[in-house]
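Below: the structure, in structure tokens.
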Amino acid sequence: MNRVSRFYITTAIDYANGDPHIGHAFEKIGADAIARFHRMNGDDVHFLIGMDEHGQKVARTAEERGVSPQQLVDETAERFLAMWRRLSISNDQFVRTTDPQHKAGVQALLERIFEHNPDDFFERSYEGWYCVGCEAFKQDAEIVDGKCVLHPTRTLEWVQERNWFFRLSRYGTFLREHIERHPEFIQPESRRNEVLGWLDQGLEDISASRSRFSWGVPFPRPTSDGERQTTYVWFDALPNYLTATGFPRKESEGRWPATVHIIGKDITRFHAIIWPAMLQAARLPLPGRVWAHGFVLLGGDRFSKSAGVKLDLDEAIGRYGADAFRYFLLREVPFDGDGNFSWERFEERYTAELANAWGNLVSRSAAMIEKYRGGAVPAGSRGAADEADAADVAAYVAALDGRNGYLPHEALRVVARMVARSNEFVQSSAPWALAKDPTKSRQLDDTLASLARQIARQCVLYAPFMPEKAQAAWRQIGGSGEVADQRVTLLDGLDAGGWVVARGEPLFPRPIVAREG
RNA sequence: GGCAGGGUAGCUCAGCCGGUUAGAGCACGGCACUCAUAAUGCCGGGGUCGCGGGUUCGAGUCCCGCCCCUGCUACCA
């Protein structure tokens, strides 16, 4: 019963060409809540996040700013890290593709593929229309009137380049079988169907190296004409999940494979097709799951610089604090689809669910325990409220433990329901009335004790989502130590009898409403 | 164009294999209570269930057609 399960969770590494925005934050916060939940479930959790720091764009941006690429990515990584600290992201590790360990790991992985499947890498001349503005080859769909759609003033050049290629086409059957045998491999199901659709269309081989830029990991073997090329994006970025474990050192074998990769739905293909094919080619175990979340939209549109759709992360966090922001995003935006961010909804949820419902519940309960029982939570017997909570705790766990995917929004809905029930409980049992009747002292004890247990449970369940606020509420209701050290598996037996409440400042102060007169 | 998923109260969404008066939360209106962050609880108004046909004793719930929306349709990451 005490078997500790290993839980290695990763997020996509963010490209170091810009500042963190709400899309990055959503993914990290979601993964963080899942990681924290698993820690409180008693699992051996390792939570990895990081940065993707190579490539042409980074090199070019660095050049424009007159700094070295390394200096640029160092500064960018600092800004991302500062944001993750601010949002209480509890990652155990922060991998960067410029880490020497990562570069060595990538080369080791490539060599391992050469070793196990010598035919999987081959040289091929690629030719196509090259746009100097984009510094990239363009596909037919991106060419209009013989010009690149993004740079219509420039002339496309027919360019030929000899690169290393990876025989991805070999792995279609393998991938299909794996996905069919492991229905949970790609989730949610809509993404899985998409991937199966891609497989139906057939896979083409992909390039594995580039000769046009050098900011990256040197491809371990030169081409036949002696040229030393740079490892192309997927063979550089995707292996971070593996190299972060220490690969190829032996010690890494305990951590790999990842339990789940949390990614955005826009990079499903890389994680569901290319990455598993690479691992299979290297004869390494595949990750257990790939979970592709949706996007946070603003006014129905995706964040985009060109459309002017943007939201200042600092402002959003500054409004009600990091915990409220975390809560709002995960409550409002389903983790298996898209959702909208709007200030109106943020205000609504903050005021209704956090300030009025939960913050006030904690406040009124602590006040009553103080007023009627001198601040000490009385002993009280288990009642119907505890039974109802047990069912909800089970639903909460089911939303986060992976059996139905990863649905933090469902988990939060459940806790909000528990909080609502607690407020009904207070109203219907009316402790203030019981307190006036000396013959009902026992009844008052039971009521207050039950109320304290309910709140204690809510603190535990909210802890993965709002670590600071959950801890503050835990303290107010008289809990000792860290709420994060509690176990969701032992919640049913949690007893608050004897705790001494400590009323404090409101957990979620109501916004100051400007009023006339 | 092809494939997939949707169009249900003002807003966000539940409605499994077809079955009695279509639900929840928020917002709105009224009432109650006083422990509390002018918080909470109760009651209520409010919907041609995208449009048109069809199957059926009976259809948001199945079938056909149409309209609209979203996603995917691989080398920027």
Side-chain angles (χ1 to χ4, degrees), chain A residues 12-18 52-58 60 126 128 131 134-139 141-142 150 163 165-166 168 188-198 200-208 210 232-234 236-238 264-270 273-274 294-295 297 300 302 331-334 337-340 342 344-345 347-349 351-372 409 413 416-417 420 422-435 447-448 451 503 505-511 513 515:
Chain A
I13 49 176
D14 300 311
Y15 196 54
N17 191 34
D52 175 11
E53 306 185 311
H54 289 139
Q56 217 166 187
K57 277 189 183 173
V58 163
R60 187 167 46 188
Y126 181 88
C131 173
C134 295
E135 295 185 35
F137 286 96
K138 308 308 287 186
Q139 305 299 301
E142 300 167 296
L150 299 178
N163 298 129
F165 267 69
F166 174 66
L168 181 65
E189 205 176 322
S190 50
R191 298 301 139 205
R192 179 169 181 268
N193 291 338
E194 247 171 42
V195 173
L196 288 171
W198 295 333
D200 285 341
Q201 293 168 35
L203 299 177
E204 287 177 22
D205 296 332
I206 57 174
S207 53
R210 279 294 140 93
Y232 196 51
V233 52
W234 22 68
D236 178 347
L238 290 167
K265 64 182 184 181
D266 54 334
I267 51 176
T268 306
R269 167 173 245 115
F270 302 149
I273 305 261
I274 299 178
F295 299 130
L297 308 176
R302 183 151 184 220
R331 173 91 164 96
E332 185 74 8
V333 183
D338 297 346
N340 247 303
S342 85
E344 292 70 26
R345 292 290 283 176
E347 303 279 340
E348 259 175 47
R349 298 218 109 115
T351 304
E353 297 176 1
L354 294 180
N356 293 356
W358 198 48
N360 184 53
L361 172 69
V362 175
S363 176
R364 70 197 297 206
S365 302
M368 288 189 286
I369 290 165
E370 199 165 75
K371 189 165 177 178
Y372 305 139
H409 60 290
R413 194 170 58 85
R417 188 164 72 204
S422 289
N423 275 316
E424 290 165 26
F425 175 81
V426 172
Q427 188 71 24
S428 62
S429 38
W432 49 90
L434 298 174
T447 299
L448 295 178
L451 195 49
R503 297 189 65 188
E505 291 298 302
L507 290 170
F508 303 98
R510 286 171 55 82
V513 181
R515 291 171 66 182

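Values reported hereafter were calculated over all heavy atoms of this structure, with side chains retained and with hydrogens, waters and symmetry mates removed. Naming: A, B, ... by sequence-line order, numbering from 1 per chain.
- For A:F508 and B:rU40, the CZ to C1' distance is 17 Å, given to the nearest whole Å.
- Heavy atoms of A:S190 sit nowhere under 4.0 angstrom from any nucleic acid atom.
- As judged by a 4.0 angstrom heavy-atom cut-off over every strand, A:A355 is placed among the base-contacting residues.
- Using a 4.0 Å heavy-atom distance criterion, A:R417 is classed as making no nucleic acid contact.
- Here A:D205 lies in heavy-atom contact (under 4.0 Å) with a base.
- Annotated as anti: B:rG50, whose glycosidic dihedral deviates from 0 by more than 90°.
- Separating the CZ atom of A:R503 from the P atom of B:rA36 is a distance of 7 Å, rounded to the nearest angstrom.
- Nucleotides B:rU8 and B:rC68 place their C1' atoms 16 Å apart, quoted to the nearest Å.
- OP1 or OP2 of B:rU73 sits under 4.0 Å from a side-chain N or O of A:R269.
- Heavy atoms of A:W234 sit under 4.0 angstrom from at least one base atom.
- Taking side-chain N and O atoms only, A:R510 has a distance below 4.0 Å to OP1 or OP2 of B:rA39.
- Protein atom CZ of A:F270 is 9 Å distant from nucleotide atom P of B:rU73, rounded to whole Å.
- Within 4.0 Å of A:N193, counting heavy atoms only, lies no atom of the nucleic acid at all.
- One interatomic measurement links the two molecules: CG of A:D338 to P of B:rG71, which rounds to 8 Å at whole-angstrom precision.
- Taking only distance into account, the side chain of A:K57 meets the base of B:rC76 through a donor-acceptor pair shorter than 3.5 Å.
- The distance from atom CG of A:L354 to atom C1' of B:rA36 is 16 Å, rounded to the nearest whole Å.
- Between the CG atom of A:D266 and the P atom of B:rC72 there is a distance of 8 Å, given to the nearest Å.
- For A:T351 (side chain) and A:E348 (main-chain N/O), no donor-acceptor pair under 3.5 Å exists by modelled atom type.
- Heavy atoms of A:Y372 sit under 4.0 angstrom from primed sugar atoms or phosphate atoms, though from no base atom.
- Using a 4.0 Å heavy-atom distance criterion, A:L507 is classed as a base contact.
- Side-chain atoms of A:N356 and base atoms of B:rA39 include no donor and acceptor less than 3.5 Å apart.
- Here the P atom of nucleotide B:rC75 and the CG atom of A:D52 are 17 Å apart, to the nearest Å.
- Nearest heavy atoms, A:T447 versus A:S429: CG2-OG, 3.5 Å.
- Along RNA chain B, the nucleotide closest to A:P334 and the one closest to A:P506 are compared, and the more 5′ of them pairs with A:P334.
- Among the atoms of the strands shown, base atoms are found under 4.0 Å from some heavy atom of A:G202.
- Taking atom C1' on both B:rA59 and B:rG52, the two are 15 Å apart, rounded to the nearest angstrom.
- Separating the CD atom of A:E194 from the P atom of B:rG6 is a distance of 14 Å, rounded to the nearest angstrom.
- Note on A:G55: nothing from the nucleic acid sits closer than 4.0 angstrom, heavy atoms only.
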Show, in sequence, the C-alpha distance, side-chain angles and deciding distance for A:N423 and A:R364, and conclude whether the side chain to side chain donor-acceptor pair (under 3.5 Å) test is met. CA-CA 10 Å; A:N423 275 316; A:R364 70 197 297 206; 2.8 Å; yes
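- Residues A:R210 and A:S207 approach most closely at NH2-OG, 2.9 Å, considering heavy atoms.
- Within the 4.0 angstrom heavy-atom criterion, no nucleotide atom of any strand lies near A:E344.
- Taking a pair to require two hydrogen-bonding distances under 3.5 Å in either a Watson-Crick or a G-U wobble arrangement, B:rG46 remains unpaired.
- The residue A:L203 sits close to a base: some heavy atom pair falls under 4.0 Å.
- Closest-nucleotide positions on RNA chain B for A:L168 and A:I267 were compared, and the one nearer the 5' end corresponds to A:L168.
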